[in-house]
Each structure stands twice: as structure tokens, then as C-alpha cells.
Amino acid sequence: MKLSVSRRVIATSLLLGASPLAFAQDAPETLDTVIVTGVGPQRSSDEMVGNVTAIDRAELVQKLSGTLGDTLATEAGVSTTFFGQGASRPVLRGLGAERVLVLANGIGTIDASSASPDHQVAADGIDAEKIEIVRGPAALAYGGQAIGGVVNVIDGLIVESLPDDPVSFDGFAAHNSVNEGSELGGKARFTTGPFVLTLSATARDFGDYDIPGFAESSLLRAMEEAEHEDHDDEDHEEEEDHDHEEHEGEEVRDTMENSFLQSETYSAGFSWVGDDAFLGLAIRQQTSSYGLPGHEHHHEEEEHEEEEEDHEGEEEHEHEHEEELPFIDLEQTRYDIRGGAKLDAGPLTHIAGNLSYADYEHIEFEAPGEPGTIYTTEGTEGRLELGHAFGDMVGAAGVQFLDKDFGAAGEEAFLTPTTTKTVGAFVFETLEFDDHSVLEGGLRYDNTELDNTLQGERSFDLFSGSFGGHKHWASGWWAGAQFSYTERAPNESELFANGAHLATSQYEVGDASLDKEKGTNIEASLRWENDRFSISGNVFHADFDGFIYLTPGVVVEGGLEVDELDELPVFLFQQQGAKFTGAEIEAEARFPEGALGASWVTSASLDLVDGELDDGGNIPYLPPVTFHAALDADWGLWSAGFNVTAAADQDDPGTGILPTDGYVMTGLRGAVNLSELGFGQDGTEIFVEGRNLTDEEVRYSTSVLKDSVPAPGRNIRVGIRVAF
């Protein structure tokens, strides 16, 4: 894999990060963030084997994009399935969709996002107080579906401890130049006695976004040009030339057609908080409407041909074509009950439980007022955990269940209705020794049943387990290692898909005979930290037996093998062994009174993952080697920051996938801290950001639309955040 990024940019970033060294003075001790995503005793981020990240509200407002995957894409080891502004899921260490479990307050999102990359996640982070990212085997307490990791979106609607203030508010508003779009949100909290009421509302209104040049990549345009030249050598040369001229005239550039996004969320939570217990309930409603860029529905192409045959007017056809750009209307209503209590009953230390019900629906429209396909998901998920302590051994055991009905109806439903039921049990233990070393391990069993209306039922018994340890030294060093084994059941798409999936321009065919996916994982971590500096490294290797992936193939139609159906290429879900190897390296330096009288923080990270199928083929849609660096300065009243992301070429694509060019993307941020002027609490500020300042053409190799839908171009984002 070649690293086609500017060495000068990286060197400059590192020099900028090092520049305050000569002016450094003593720094205060830093505190590690407590991670709630897990099982057993709560631990800080530096007590967990593997790479664990927590992003608080202030940082979320800075990073916020239209979707969850895009908001997290600059974190080490994280990429995005980018599907325009409306839909994306996070990719962790090259594993995405069905292998990364997205949670809302510790329970699954109960939506349709894992079935297709054009389906929005029903927890996008705009109203979150914190997002926790747990990569690799540390997430296996949530089962085999989390083999790649867990992303837990914590909205704070149900509180577990009484707030300090009887009334508080946190809100923001921003305007984006790249899409002439606005975003805003606010959360208010009211406390009286042991009762807490939380109200939240958010909204986005993004137009089609600007892009730096053509929507189609240079490789795709060159391939299409070669195909047209080949056609010119055949009969009907005049007709092909005419089609080619029309194609050239329709090429999208400068603005990404049909990439709009409009969304709203309204939510409320009510909690009772006692001395050693809490209980709360919450309701959240999300609505969203967004365009599906980069493709047109197949039946529209047929209508186009019919209209040409009927010799209808060109202007009338163009008007209809413009109206028939597909889009999705989405709605989910979710109810949550969560509670917990400390216990003093022999070895029992605490009890905690979550119960969630969600009703989700999205409608894919071919044109305004003309619904095409309707997807629905209705489900209930619950989790109960009981903590215990036997001397120095501290842990938890629990049970979890999911009952979900997925439905699809309409001419473009590539999936048929499927019911999924899962029942699981888990146990996790930690044992701490006097020399600051810890052993930990866990086991989990799940039974998963998927019942499809056309293809019948499949049942899977799934086992997962992990064992590891870590040790602290007084010198600031920390070392840990973990071994895990996990089993994952195929999802409804992998088993039962059979039809034209027009969002991805593929005819997808599942395999109801697929076996469970088995993975063996080894991870090692090494860290060092003092008051000013920290550096960490994680290396991992995952060996899969029966890795499931989507690849071009053939099916038998009319007694003949064909690689195309309904004018779309056939893609099959297949299974074979695969190996992933990778690493993440992160470093940070803090100088509270450095150059120019500012408090400086500089950070950098490098992540890479390489994968190969047992037959020697490439695993599709892997992220490239990626480098992130940032430099931030704070003068109290003023703050400023610079960041750069450099991605290598991804020249080892899967079968039928074009290589992806690397990119260098830079950004700047400046803010005025209004709390220094006596307005609001800490975090109240006016800010201006420049994203992708050089208007770089950015294409994510993890996106199925990478060659037809680039990421947004230069964006100036101006906003205000208020906290009191």
C-alpha cells in the first residue's frame, strides 16, 4: 500500500506540534475518562486493554457532521461508510456495518441501518452528551455482533446522579457554507428534590453540498470513456455517439446532486435519583428526510427509454427526471426504561437494567408523493446485569434479549420480512493484585433465531470468550494483552437478500446456508504517560473462519449462468477464511504555559489495517493508512486550532472495486470563550471553523459510492454554543 501523502504537510504538522517545547512549564495532572460501555466494574480509559475513546459534548459540537460515521471519522482506527450527508455508519479497524454494534445508552438502535449503507443510524450524535468507542475484543461483552467494536451514543436523558444546579441548559447553532445548511440543538434540565426532567430538541437543514470537481472519480470516468470507445467500434456507431454525448452532458460536477438532509429530534427523560439508586424513563422521536445521491432507480431508466420511444418533449422529460431523484423519509419513536441500585447483600454489589422498545419506519420515494419501498423495524431489547465481589475478584453476570421484526414491502424490496430473536447470558470477572496488575476474562453465550417469511428459519448457538491482563508501573508505563474468540450469526441481508438493491447499484443474493462466522483475536497494548506527554500503541491480529463478504458472482437464470440481473451486476454473499492485521499509534503533548502565553495541546495518530482472504484475494472496502494531527492553543478568552488528515492510496481493493486515491485534508478553528466575559458557563463560545480548506477531493475507500459520491468540499462553519 503506497502512502501518497505530502511528507511536507506531515513534517510541518509535527514541527508545529513541537514548537511550544522550549517554553514548557509544569502541567497539571490529567484525569482519565470513566468508560461506562462495558460490563462489570466501571473503569477509566487507561484501565482497558485495547483502544477506547470517549468524546464529550464540547468535542462533539466541534466534530459534528450529518451522520454518526462522518462525525467519528477523524478518530484513530475509525472510518465511515459515507453515503452522502444522510447516511453512514462507523467502520472500526476495517470492520463495519454488521460487525460494529451501534448502541444508544447501552442498548441497540433497533433500526435498519445494518441492512444497507443508505439506511440512516437512529442515533447520529447531534443530541449526545458523550460517545464512547470501544475497538476490538474489549467489546465482546455485547456478543459476537460487536466483534469489530462498539459505538455507544449516550444522550443523558435518564440521569444516574443529581445535577449540581437546579436548572441547566446546553445549546448550539451553526451555519455551513458547503451546503448552505443550518444545525441547532438544545438540552434543558430541571431538578427538584430527587426528580430530574430533561428536554432536548435538535434540527438540521442541509442543502445539496458543494464538491471540488466531478462527482465521478477520474478512474471511473476513464473506464466509462474506454467502454464508449469500444462501443464506437461496433455497429450503430451513430446511435452510440449520441448516447455518449448525452452522458457527457449529464455529468455531475461542483454540486452533489440530491444530497440534501433534513432531520429533527425531540426527546424527554424523567428520572428519580436516590442516595444509592435511580430509575428513569425516556422517549425520543427522530424524523429525517434525505436524498440518495449517486444513482437513479432502475424503473426510471426504463421510463426514460419509453419516453424516448414515444418521442415526448425533451424539456418535459428533463422536468420529470429532475423530480424523480430518490430520497428517504424516516421516522423512529423509541422508549427507554433504565434503573440501577447499589446492593449490600453479601457478594452482590449492584444491579442495573435497561429495557427499550422502538418503532422504526422509512419510506423510499422515487418522486415526491410516490412511495416506492417501505422498510419497518419494530423491536424490544433488554439487558439485566448483577454485580458481585468475591474478595479481590470483582465482576458481573447478566442476561440480554432481543425480539425484532424487520419488514420490507414494495417493488424494490431486496429483503423479505424477517424476525430475529436473541437470548444471551454473560459473565465477566476482574482480579487485581497488589503489584497493580490485573487479570480479566469473560464468557458469553447467545442463541439467535432468524425466521424469514420465504426462506424459513435458521438458528445459531454462539459462544464468545476473552482472557487478558494488564500491569501498571510507577514509571508511567502500562502494558496489556488480550486473547478472544467470538462467533457471529449472519444477519438478514447475508442470509435472505434476493433482489435489486438500487441504492448500491447491485443485485444482491444472500445464502440461507451460510454458517456462523468465527473469529480469533489477539491484541497487545503499550502506553506511557506523565504530566505532559502520553504515547500509546495497539497492535492486533484477527483470524476469521467463515468470514462473510459481498463479491461479484453469477447465478443461474433460465438455465444459464448470468452475472447481471435487472441490468445490475450480481453480487453474492460468500464465506471463506480471512485475516486482519493492524495497529494504532497515538501521542499527545500538553504545555499549559507555552509559547505566546498560550496553553498548548498537540496530538497525532496513525492507524493502519491490512486484510486478506484465504484464497489470496483482497477484502473489499478496507480503509487506507491514515494520519491525523492537531495543534490547539488556548489563551483563555481566545483559542485556535489546526488539524490535518492524510490518507494513503488504497490500491488493494476487492474484486470489482476500483483503487481509491489518497488525500490530504486540512482544517482551522478559532473561538471566543464568552464565559471569560461573564456570559454563561465554561464552553460558552462563538466559533468559526474551516473544514477541507484546500478543497481537496476526498473519497473514502470504505464507501460503496466512493467513485460516484465524493465527500464535501471546502466548508466554513460559523456557530455559537451556550451553556449555563
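Residues Asp155 and Glu129 share a closest heavy-atom pair of O-CG, 3.7 Å. Annotation for Val153 and Ala128: closest pair CG1-CB, 3.7 Å, computed over non-hydrogen atoms. In this structure, Ser525 and Asn538 approach most closely via the heavy-atom pair OG-ND2, 2.7 Å. Minimum heavy-atom separation, Gly94 to Pro623: CA-CD, 3.6 Å.
Checked against the 6.0 Å centroid threshold, Phe547 and Phe580 count as a close aromatic pair. When ring centroids are compared, Phe169 and Phe724 come within the 6.0 Å threshold. Checked against the 6.0 Å centroid threshold, Tyr142 and Phe426 do not count as a close aromatic pair.
Using a cutoff of 4.0 Å between basic side-chain nitrogens and carboxylate oxygens, Arg590 and Glu588 are scored as salt-bridged. We find that Lys63 and Asp70 are not joined by a salt bridge, their nearest charged nitrogen and carboxylate oxygen being 4.0 Å or further apart.
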Give the intermediate values and the outcome of side-chain hydrogen bond (donor to acceptor under 3.5 Å, both in side chains) for residues Thr448 and Thr422. CA-CA 4 Å; Thr448 297; Thr422 296; 3.1 Å; yes
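The side-chain contact (heavy atoms from CB on, under 4.5 Å) with Val151 is formed by just one residue from the set Leu103, Thr109, Leu68, Val134; it is Leu68. Applying the side chain to side chain donor-acceptor pair (under 3.5 Å) test between Asp170 and each of Arg189, Gln681, Arg721 identifies Arg721 as the sole match. The salt bridge (charged side-chain N to carboxylate O under 4.0 Å, His left out) with Asp127 is formed by just one residue from the set Arg284, Lys187, Arg57; it is Arg284.
To the nearest 0.5 Å, the span separating OG on Ser267 from CG on Asp336 amounts to 10.5 Å. The CH2 atom of Trp272 lies 9.5 Å from the CG atom of Leu162; values are rounded to the nearest 0.5 Å. Put simply, CH2 on Trp478 and CH2 on Trp473 are 9.5 Å apart, with the number rounded to the nearest 0.5 Å. For the atom pair NZ (Lys579) and NE2 (His541), the distance works out to 6.0 Å, reported to the nearest 0.5 Å.
Judged purely by distance below 3.5 Å, without hydrogens or angles, the side chains of Glu586 and Asn51 pair a donor atom with an acceptor atom. The closest side-chain donor-acceptor pair between Arg135 and Thr53 falls under 3.5 angstrom. Judged by distance alone, the side chains of Ser356 and Arg334 do bring a donor and an acceptor atom under 3.5 Å apart. Using modelled atom types, one finds a donor on one side chain and an acceptor on the other under 3.5 Å when comparing Gln400 with Glu381.
The 12-atom threshold is not exceeded at CG of Asp275, counting heavy atoms of other residues, nucleotides or ligands nearer than 6.0 Å. Within 6.0 Å of the CZ atom in Phe433, the count of heavy atoms belonging to other residues, nucleotides or ligands exceeds 12. The neighbour count for Asp392 CG, taken as heavy atoms of other residues, nucleotides or ligands under 6.0 Å away, does not exceed 12.
Put simply, the side chain of Asp461 never gets that close to the backbone of Asn447: no donor and acceptor are under 3.5 Å apart.
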